[in-house]
Amino acid sequence: MKKIPMTTPLVEMDGDEMTRVLWKRIKEELLEPFVDLKTEYYDLGLENRDATQDQVTMDAALANKKYGVSVKCATITPNAQRMEEYNLHQMWKSPNGTIRAVLDGTVFRAPIVLDCIKPVVSTWKKPITIARHAYGDVYRGSEMRITTPGKAELVFTAEDGTVQRQTVYEFEGPGVLQGTYNKDSSIASFARSCFNYALSTGQELWFSTKDTISKQYDHTFKDIFQHIYDTEYKEKFEKAGLRYFYTLIDDAVARVIRSEGGFIWACKNYDGDVMSDMVSTAFGSLAMMTSVLVSPDGCYEYEAAHGTVTQHYYRYLKGEATSTNPMATIFAWTGALAKRGELDDNQPLVEFARTLEQACLDTLSKGIMTKDLCNLAQGVEVHPVNSEEFLLAIRKTLEEKLAG
Ligand code: NAP
Ligand code: MG
């Protein structure tokens, strides 16, 4: 069989531990035999980040900006214990944080769904994608513990010295106080990322806040989204037959539970944090959660939502075969290859990516699955396998599909 050629390189960011082991095997079994894989490789494994003073992470992020599409393996974010384990020069920052800062993006997380794994919510038929604004609000808040009676105020001093002042509360006893902020520019980036992603995936977009109570703060989010929609996206949405709709978060929660899925739910930072855990748990397993970072200027970074699966790696190092689920990592590759194909007008590459995804789903539908999924499967005879056996089973299904 002739391998599928690629024109523009994909930015490949290798990572750590069990996911690094799977990364290599996924390439060997499922990609390299079929695609003339063209990547610009960056080794974001912790040893190389340390050896390069973390320059490799910045280089990879800039390459992502240059080429537009990257695929990233899970990486260790060092803590005190990792400093010792890897004998690090410095407690390097989270690579995801570095890449996010360069791309200024929004994170979209969607579960991989299939018939034999039933979501807890029985009406859900299609994935629900959570778009989380990853900037500001309570994550960058300032807080104070109040211990005596007194007056709390909001004070804003403009550069020219003008002062705006508002009483928050006159405390008669102990209490708590919090100040949070966001920026129009960040909210606008969030909005554009969401509108672009909705168009590129052909899904409608919901956005919810608590604007009835938060008449300035949340209402600003609502207004910025609406203004950008009306002036930049309305026509494109109408042409694509898609809908943007805003609703109060209480109403959104009720609608999400009653829905069939198949839409993007944009959430403010805290709402997205909480709701994405709720949605992924209700759909099944962390190992089935895909994640893509989309920048407002249209750069894409695909990864798995889970980490490096450290406990499995320690067992792997002892020579044990582990049953680590490679699905989200495979889908990071297929997402990136399909997007590269789409941008390069390389239809065979797009088709290959979709076929590989289908081969994964077909393999699971036959009951061949890693241990994390076995308890969730319904209406199928389950055959638990280790990672290696699972990859070989996918390869076999893929070859059958490509031949037929
Ligand atoms: P984790 O690697 O996601 O693993 C947590 C647990 O979830 C595992 O112990 C395992 O449960 C289960 N699990 C996750 N992925 C799985 C898979 N593919 N197949 C089967 N089971 C899976 O999270 P963590 O243990 O909190 O973090 C480990 C390292 O990953 C840390 O160093 C952290 O910094 C890093 N991390 C990186 C990213 C990223 O790069 N995006 C994200 C999160 C964490 P059982 O042990 O019960 O089987
Ligand atoms: Mg959370």
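As the structure lists them, so they are numbered: ligands from 1, and atoms in each ligand from 1.
By the definition of a contact as any protein heavy atom under 4.0 Å away, atom 45 (P) of ligand 1 is in contact. Distance check for atom 27 (O) of ligand 1: every protein heavy atom is found at 4.0 Å or beyond. For atom 18 (N) of ligand 1, the nearest protein heavy atom lies closer than 4.0 Å. Put simply, atom 5 (C) of ligand 1 has no protein non-hydrogen atoms near it, under 4.0 Å away.
Only the side chain of Glu303 comes within 4.0 Å of ligand 1, counting heavy atoms alone; its backbone N, CA, C and O stay farther away. When heavy-atom distances to ligand 1 are checked against a 4.0 Å cut-off, Lys371 has no atom that comes that close, whether in backbone or side chain. Contact annotation for His312 and ligand 1: only side-chain heavy atoms (C-beta onward) come within less than 4.0 Å of the ligand. Neither the backbone nor the side chain of Thr329 has any atom closer than 4.0 Å to an atom of ligand 1 (non-hydrogen atoms only).
Residue Lys72 approaches ligand 1 through these ligand atoms, each under 4.0 Å from one of its heavy atoms: 40 (O). Proximity to Ala74 (heavy-atom distance under 4.0 Å) selects the following atoms of ligand 1: 40 (O). Of all the atoms in ligand 1, the ones that sit under 4.0 Å from a non-hydrogen atom of Ala287 are 16 (C), 17 (C), 18 (N), 19 (N).
Aromatic rings of Phe190 and Tyr135 (six-membered ring for Trp) have centroids beyond the 6.0 Å cut-off, not under it.
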Using residues 106-115 as the side-chain source, report each donor-acceptor pair under 3.5 Å to any protein atom, sequence neighbours left out, with the distance given to one decimal.
from   : atom 1 : to     : atom 2 : distance (Å)
Arg109 : NE     : Ser291 : OG     : 3.1

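For Glu84, the CD atom sits in a loose shell: 12 or fewer heavy atoms of surrounding residues, nucleotides or ligands are nearer than 6.0 Å.
None of Tyr197, Trp124, Trp206 except one satisfies the ring pair (Phe, Tyr, Trp, His ring centres under 6.0 Å) rule with Phe263; the exception is Trp206.
Counted by atom type alone, Thr363 and Thr397 present one or more donor-acceptor pairs between their side chains at under 3.5 Å. When only modelled atom types and interatomic distance are considered, Ser186 and His133 share a side-chain donor-acceptor pair under 3.5 Å.
Under the rule for a salt bridge (charged side-chain N to carboxylate O under 4.0 Å, His left out), the partners of Lys24 that lie at least two apart in sequence or sit in another chain are Glu28.
Note on ligand 1: Met18 sits outside its first shell, no heavy atom being nearer than 4.0 Å.
Cation-pi geometry between Arg25 and Tyr316 is not satisfied (NZ or CZ under 6.0 Å from the ring centre, within 45° of the ring normal).
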